[in-house]
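Shown next, in structure tokens, is the structure this report addresses.
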Amino acid sequence: MNGVINSNVENNERGLLPYPIILAANKGEPEAMKVVVLHYGSYMTSLSMRKLRDEQGNTYWGIDEDTRERLRAKLMQSVLAFKI
């Protein structure tokens, strides 16, 4: 299935996840869930950006890892709970 997953995702010109990937992830297939999480990874990272402070008190934009992990967990829960 791994070869099918990679070729389906790479060949989709609209950037949509193929239905077989969604169906497999919904059934709990780990490789398909990994593809779904990777597909939305950059979006979840952008939603996780926050103003942070370093040890010297300087402010910078960085990734709030707690927020990113919560988004990842919520995505996985939602995929598994989705009624197809």
Compare all side-chain heavy atoms of [X] with those of [Y] and state whether any distance is below 4.5 angstrom.
X: Ile21; Y: Pro18; answer: yes
X: Leu47; Y: Tyr40; answer: no
X: Val36; Y: Leu75; answer: yes
X: Arg68; Y: Thr45; answer: yes
X: Lys27; Y: Leu23; answer: yes

Taking all non-hydrogen atoms of both residues into account, name the closest pair between [X] and [Y] and its distance.
X: Met33; Y: Ala25; answer: CE-O, 3.6 Å
X: Tyr19; Y: Ile84; answer: OH-CG2, 3.2 Å
X: Ala32; Y: Ala24; answer: CB-CB, 3.5 Å
X: Val37; Y: Met44; answer: O-CE, 3.8 Å
X: Leu80; Y: Asn26; answer: O-ND2, 3.6 Å

Q) Between Arg53 and Asn58, does a side chain to side chain contact (heavy atoms under 4.5 Å, CB included) hold up when you go through it step by step? A) CA-CA 5 Å; Arg53 291 187 188 269; Asn58 299 316; over 6 Å; no
(Q) Between Tyr60 and Lys51, is the side chain to side chain contact (heavy atoms under 4.5 Å, CB included) condition met? List the steps. (A) CA-CA 6 Å; Tyr60 66 96; Lys51 284 186 180 179; over 6 Å; no
Q. Okay, side chain of Thr67, backbone of Ser48: is any donor-acceptor separation there less than 3.5 Å?
A.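 Judged by distance alone, no pair lies under 3.5 Å.
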Q) Does Leu16 offer a backbone N or O that forms a donor-acceptor pair with the side chain of His39 under 3.5 Å? A)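 Looks like no, no N/O pair under 3.5 Å.
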Q: Any chance you could measure Asp64, atom CG, to Leu52, atom CG, to the nearest 0.5 Å?
A: 6.5 Å
Q.
Counting only heavy atoms from other residues, nucleotides and ligands, does the tally under 6.0 Å from CZ of Arg70 exceed 12?
A.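 Check fails, neighbour count at 12 or below.
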